[in-house]
Amino acid sequence: MPEGHTIHRAARDQRPMLIGHVLDISSPQGRFLEGAERISGHVCKAVEAYGKHLLYDFSNGMTLHIHLGLFGKFRAIKVPADEPRGAVRVRMISATHVVDINGPNTCEVLDMSGRDKLVARIGPDVLRADADREKAWKKISKSRSAIGQLLMDQAVIAGIGNIYRSEILWRQKLHPNVAGKDVSREAFEQIWDDSVALLEKGVKHNAIITVDGAVKARSKYGERVNIFNKPSCPACASAIRRFEIAKRRAFACETCQIAPEI
DNA sequence: TTGATTGTTACCGG
DNA sequence: TCCGGTAACAATCA
C-alpha cells in the first residue's frame with residue numbers, strides 16, 4: 001500500500017465509501033475525538049481535498065478535518081470489520097464500510113467558521129479546478145525565499161510534497177536554491193502545469209511517478225522517480241547532489257539544473 | 001533501542 | 001512583515 005502523499009490524493013477516489021450515513025464515530029484507542037458527537041449519526045454529504053487536507057462535510061454543517069501528515073493512513077474495509085490494527089485514532093462506520101484512520105497529523109471536528117478559516121489559509125491547490133494560480137505567482141515572484149522552499153509552503157501552492165519538489169524542479173531544469181523572485185513567469189507556468197500533470201498521474205496510479213513513460217512502480221514505496229534518493233542524473237549521468245532545505249531532504253543535478261548566482 | 005520517514009505548526013530572533 | 005531556525009508531534013519499521 002503506497003503511503004503519504006498519494007494516499008491523500010487517493011482519498012478522492014474513496015469518496016463512495018465515505019459518503020453517506022455515518023452510523024458511528026469511535027476512538028478505539030480511547031483518545032477522544034473532540035466534537036465526535038456532532039458528526040456521529042449524521043450524513044457525510046461530500047469529501048473535499050484542499051492540498052493535503054481532507055474535509056468530510058456533514059449535512060448538519062460540521063466537518064471532519066483530516067491531515068495524514070507523514071505517518072497517517074486510511075484503512076477501508078467492508079463490514080463486518082475486524083479489530084482495529086495499531087493505533088487507530090478514529091473509526092468511521094457506515095452501513096457498508098468501516099474506515100480506520102491511523103496516525104493522522106490532524107484529526108478534528110470543525111464548524112463552518114473553522115472550515116472557512118482553514119480553507120482560507122491554504123494556498124491554491126494545483127489539483128483543484130477552482131485553483132487561482134495567480135495567487136501563487138504573486139507570492140513566489142515577490143519572495144526572496146528559494147523556490148525549493150516555496151514549493152513546499154502549502155500557503156503558497158498546495159499539494160506538492162518533498163518528492164515532487166525535487167522531481168518537478170529537475171524536470172524544469174531549475175535549481176531549488178533559485179530565489180522565488182528570480183523565477184520567470186514562464187518557468188512558473190511550467191512548474192504549475194507539470195505539477196498538475198504529475199499529481200493527476202499520482203492520483204490515477206496511487207503512486208508517485210515522475211518518469212515520463214513509466215507506469216508501473218517497482219520500489220517498495222510504489223514510486224518511480226528521476227533523482228529523489230538517486231545517485232546519478234538520468235539525463236547527464238552526473239552525481240546528484242544531496243542537501244537539506246528546512247530539514248527536509250533535497251536533491252538536484254547541478255549540471256542540468258542551473259544554480260543561482262551567488 | 002535508535003534513527004529515519006512522501007508533513008505541519010508554534011514560537012522566537014533578526 | 002518576512003524569513004530562517006528549532007522543537008514538537010504523529011506511527012511504524014529496519
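A, B, ... follow the sequence lines: proteins, then strands. Residue 1 opens every chain.
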If I take atom [atom1] in residue [X] and atom [atom2] in nucleotide [N], what distance separates them, rounded to the nearest angstrom?
| X | N | atom1 | atom2 | result |
| --- | --- | --- | --- | --- |
| Lys52(A) | dT5(B) | NZ | C1' | 13 Å |
| His205(A) | dT6(B) | NE2 | C1' | 18 Å |
| Asn102(A) | dG7(B) | CG | C1' | 17 Å |
| Ile147(A) | dC3(C) | CD1 | P | 12 Å |
| Asn105(A) | dG7(B) | CG | P | 11 Å |
| Phe243(A) | dG4(C) | CZ | P | 14 Å |
| His67(A) | dT6(B) | NE2 | C1' | 11 Å |
| Glu167(A) | dT6(B) | CD | P | 13 Å |

Contact class for [X] vs. all strands (heavy atom < 4.0 Å): base, sugar-phosphate, or nothing?
| X | answer |
| --- | --- |
| Arg249(A) | sugar-phosphate |
| Asn162(A) | sugar-phosphate |
| Thr106(A) | nothing |
| Arg121(A) | sugar-phosphate |

So does Ile160(A) get a backbone contact from the side chain of Gln154(A), meaning a donor-acceptor N/O pair under 3.5 Å?
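The answer is yes, because a donor-acceptor pair under 3.5 Å joins these two groups.
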Would you say Thr63(A)'s side chain and His65(A)'s backbone share a donor-acceptor pair under 3.5 angstrom?
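Flag not set: sc Thr63(A) to bb His65(A) has no pair under 3.5 Å.
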With a 4.0 Å cutoff (strictly under), does any side-chain N or O of [X] reach OP1 or OP2 of [N]?
| X | N | result |
| --- | --- | --- |
| Ser143(A) | dC2(C) | no |
| Arg85(A) | dA11(C) | no |
| Gln154(A) | dT8(B) | yes |
| Arg248(A) | dT6(B) | yes |

Can you tell if the side chain of Ile101(A) reaches within under 4.5 Å of the side chain of Cys107(A), non-hydrogen atoms only?
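No, every pair of side-chain atoms sits at 4.5 Å or beyond.
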What are the two closest non-hydrogen atoms of Phe251(A) and Pro176(A), and how far apart are they?
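Taking Phe251(A) first and Pro176(A) second, the nearest heavy atoms are O-CG, 4.2 Å.
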Write down the atom of Gln257(A), the atom of Leu174(A), and the distance for their closest heavy-atom approach.
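Distance-wise, the nearest heavy atoms are NE2-O, 2.8 Å.
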Quick check for you: among dC2(C), dT6(B), dG4(C), whose closest atom lies nearest to any side-chain atom of Gln149(A)?
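Among dC2(C), dT6(B), dG4(C), the one nearest the side chain of Gln149(A) is dG4(C).
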Identify which nucleotide among dC3(C), dA11(C), dT6(B) has an atom closest to any side-chain atom of Ser145(A), counting heavy atoms from C-beta outward.
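The nucleotide sitting nearest to the side chain is dC3(C).
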Can you give me every donor-acceptor pair (side chain of residues 242-249 of chain A, partner residue at least two apart or in another chain, under 3.5 Å) with its distance?
residue   : atom : partner   : partner atom : Å
Arg242(A) : NH1  : Asn229(A) : OD1          : 3.3
Arg242(A) : NH2  : Asn229(A) : OD1          : 3.0
Arg249(A) : NH1  : Asn229(A) : OD1          : 3.2

For DNA chain C, produce a single dot-bracket line, 5' to 3'. Pairs: Watson-Crick or G-U wobble, both distances under 3.5 Å. Symbols: ( ) within strand, [ ] crossing, | other strand, . unpaired.
.||||||||.||||
Taking dT6(B) as the reference, what is the distance to dT6(C) when you measure between their C1' atoms (whole Å, please)?
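It comes out at 22 Å once rounded to the nearest Å.
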Check the geometry between Phe71(A) and dA11(C) and answer yes if their rings are stacked (centres below 5.5 Å, planes below 30°), otherwise no.
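Taking the rule of under 5.5 Å and under 30°, the ring of Phe71(A) does stack on dA11(C).
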Quick one: do Lys117(A) and Asp111(A) make a salt bridge, cutoff under 4.0 Å?
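Salt bridge flag = no for Asp111(A) with Lys117(A).
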Could you tell me whether Lys173(A) and Glu254(A) have a side-chain N and a carboxylate O separated by less than 4.0 Å?
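So Lys173(A) does not pair with Glu254(A) through a salt bridge.
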Most 5' of Phe228(A) and Leu118(A) on DNA chain B, judged by nearest nucleotide:
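Here Phe228(A) is the residue nearer the 5' end.
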Which sits closer to the 5' end of DNA chain C, Lys142(A) or Pro104(A), going by the nucleotide each is nearest to?
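Between the two, 5'-proximity favours Lys142(A).
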Closest-nucleotide mapping onto DNA chain C: is Lys247(A) or Arg144(A) further toward the 5' terminus? I mean the 5' end.
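Its nearest nucleotide being more 5', the pick is Arg144(A).
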